[in-house]
There are 2 protein chains.
Amino acid sequence: MNMKDQNKQLEPTKSELEILQVLWELGPSTVRSVNDELLKQKDVNYTTTLKLMQIMADKGILQRDESQMKHIYSVAEDEQKTKAHLLDKFVDSMYKGSASKLVMQLIGNKNTSQQELQEIKELLKKLEE
Amino acid sequence: MNMKDQNKQLEPTKSELEILQVLWELGPSTVRSVNDELLKQKDVNYTTTLKLMQIMADKGILQRDESQMKHIYSVAEDEQKTKAHLLDKFVDSMYKGSASKLVMQLIGNKNTSQQELQEIKELLKKLEE
DNA sequence: TGTTTCGTACGAAATTTTTTCTACCTTTGA
DNA sequence: TCAAAGGTAGAAAAAATTTCGTACGAAACA
């Protein structure tokens, strides 16, 4: 029984990530709920979402409660852990692992508002204490 | 002649991003050089890299100088601009556009070293002035 | 001058990811 | 009770991405 086995996580594909995001927002949900939410963003068929979620359950990305007819899907791994992992990968591949380079980019980014910058600064200030 | 036409950028796929990263590092290069670099990371055929780079040139992600027999490929869009765009997309999709949430995650991330944190702090300090 | 080496082009195959079709089961309500 | 609505499953199709095979031209060199 190896600890790493649980940790090992397949990278989610693009559409899988979309579904994860919906589940992070809604919490454990039926396929119907997830699909309704996705429909707000794009045109997608119910069975497509169903299939995707089944695949994700197979991979272990999602878990499901089959005790009811309407299966309830939930995310297997902690949201923060998954995000941390994806962020880490992003920093690695885009900034050679340098988090400060990323922050620098963020600061220079026109799309990052003054308010955001203010919050980041306060965040760091708290960290100092 | 619409300004947006130049800006419109197709999202690079995973392998396309790998090639972009090599080109960012090496600067304008031949397929051979890029492939040699990729070989350090993974097993890949010369013609595969060639094909990918041709596709990228077709899409406008890369430009090439065909005046010599060995074509020289270079990245069409500025590195920082592309990275800013990808980072922006990442923040949007993963943190609902909140850059400070991302930084918070970064700070809590075990894989972010103390030294990195220090650098980030100094960065922010400079920004204050 | 051959022949070996290194380059590009292009089509097609292989793989991965996404979408759809169809069958069939369960619940609900007329 | 039976039809309609809503659910799952699985095979297969479609689309996107990645990889490879082959042809053929140019350069290097024995």
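Just so it is clear: chains get the letters A, B, ... in the order the sequence lines come, proteins before strands, and each one is counted from 1.
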- prompt: More 5' along DNA chain D: A:K70 or B:T48, using each one's nearest nucleotide?
  reply: A:K70
Side-chain heavy atoms of [X] within contact of [Y], under 4.5 Å:
X: B:Q80; Y: B:W24; result: no
X: A:L86; Y: A:L17; result: yes
X: A:M53; Y: A:R64; result: no
X: A:L102; Y: A:M94; result: no
X: B:L20; Y: B:M56; result: yes

Within residues 50-60 of chain B: residues closer than 4.0 Å to DNA chain D (heavy atoms): B:K51, B:I55
- request: Check DNA chain D against residues 23-45 of chain B and give the residues with a non-hydrogen atom under 4.0 Å, in numerical order.
  value: B:N45
message: Tell me whether the count of non-hydrogen atoms from other residues, nucleotides or ligands lying under 6.0 Å of NZ in B:K59 goes above 12.
response: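 Yes, NZ of B:K59 has more than 12 neighbouring heavy atoms, counting only those of other groups under 6.0 Å.
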message: Counting only side-chain nitrogens and oxygens, does A:T13 get under 4.0 Å of the OP1 or OP2 atom of C:dT17?
response: no
field: Those residues that, when tested against A:I72, pass side chain to side chain contact (heavy atoms under 4.5 Å, CB included) (two or more places apart)
entry: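 Partners of A:I72 under the side chain to side chain contact (heavy atoms under 4.5 Å, CB included) test: A:P28, A:T30, A:D65.
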query: Shared ILVMFWY cluster between B:Y46 and B:I55, side chains joined below 4.5 angstrom?
result: no
- prompt: Do B:L50 and B:M69 belong together in a cluster built from hydrophobic side chains that touch within less than 4.5 Å?
  reply: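 No, no single cluster joins them.
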message: Between the opening five pairs and the closing five pairs of the helix from C:dT1-D:dA30 to C:dA30-D:dT1, how far apart are the helix axes, to 10°?
response: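 Here the helix ends are tilted 10° relative to one another.
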field: Lys NZ or Arg CZ of A:K83 over B:Y95 ring: under 6.0 Å, within 45°
entry: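 Geometry flag: set, cation within 6.0 Å and 45°.
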query: Going 5' to 3' along DNA chain D, which nucleotides are the first and last within contact of chain B (any atom under 4.0 Å from a heavy atom)?
result: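 So the contact region on DNA chain D extends D:dT17 to D:dA27.
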query: So does B:E18 pair up with B:K42, basic N to acidic O under 4.0 Å?
result: yes
task: Considering only NZ, NE, NH1 and NH2 on the basic side and carboxylate oxygens on the acidic side, decide whether A:K89 and A:E11 come within less than 4.0 Å.
output: yes
- prompt: Atom CD of A:E79 and atom CG of A:L23: how far apart are they, to the nearest 0.5 Å?
  reply: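 It comes to 10.5 Å.
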- prompt: If every non-hydrogen atom of A:V44 is compared with every non-hydrogen atom of A:L39, which pair is closest and at what distance?
  reply: O-CD2, 3.4 Å
- prompt: So which heavy atom on B:S29 is nearest to which on B:G27, and how close?
  reply: OG-O, 2.5 Å
- request: In whole angstrom, give the distance that lies between atom OH of A:Y46 and atom P of C:dT22.
  value: 18 Å
- request: Using a 4.0 Å heavy-atom cut-off, write out nucleotides 25-30 of chain C from 5' to 3' as B (base contacted by protein), S (sugar-phosphate only) or - (no contact).
  value: -SS---
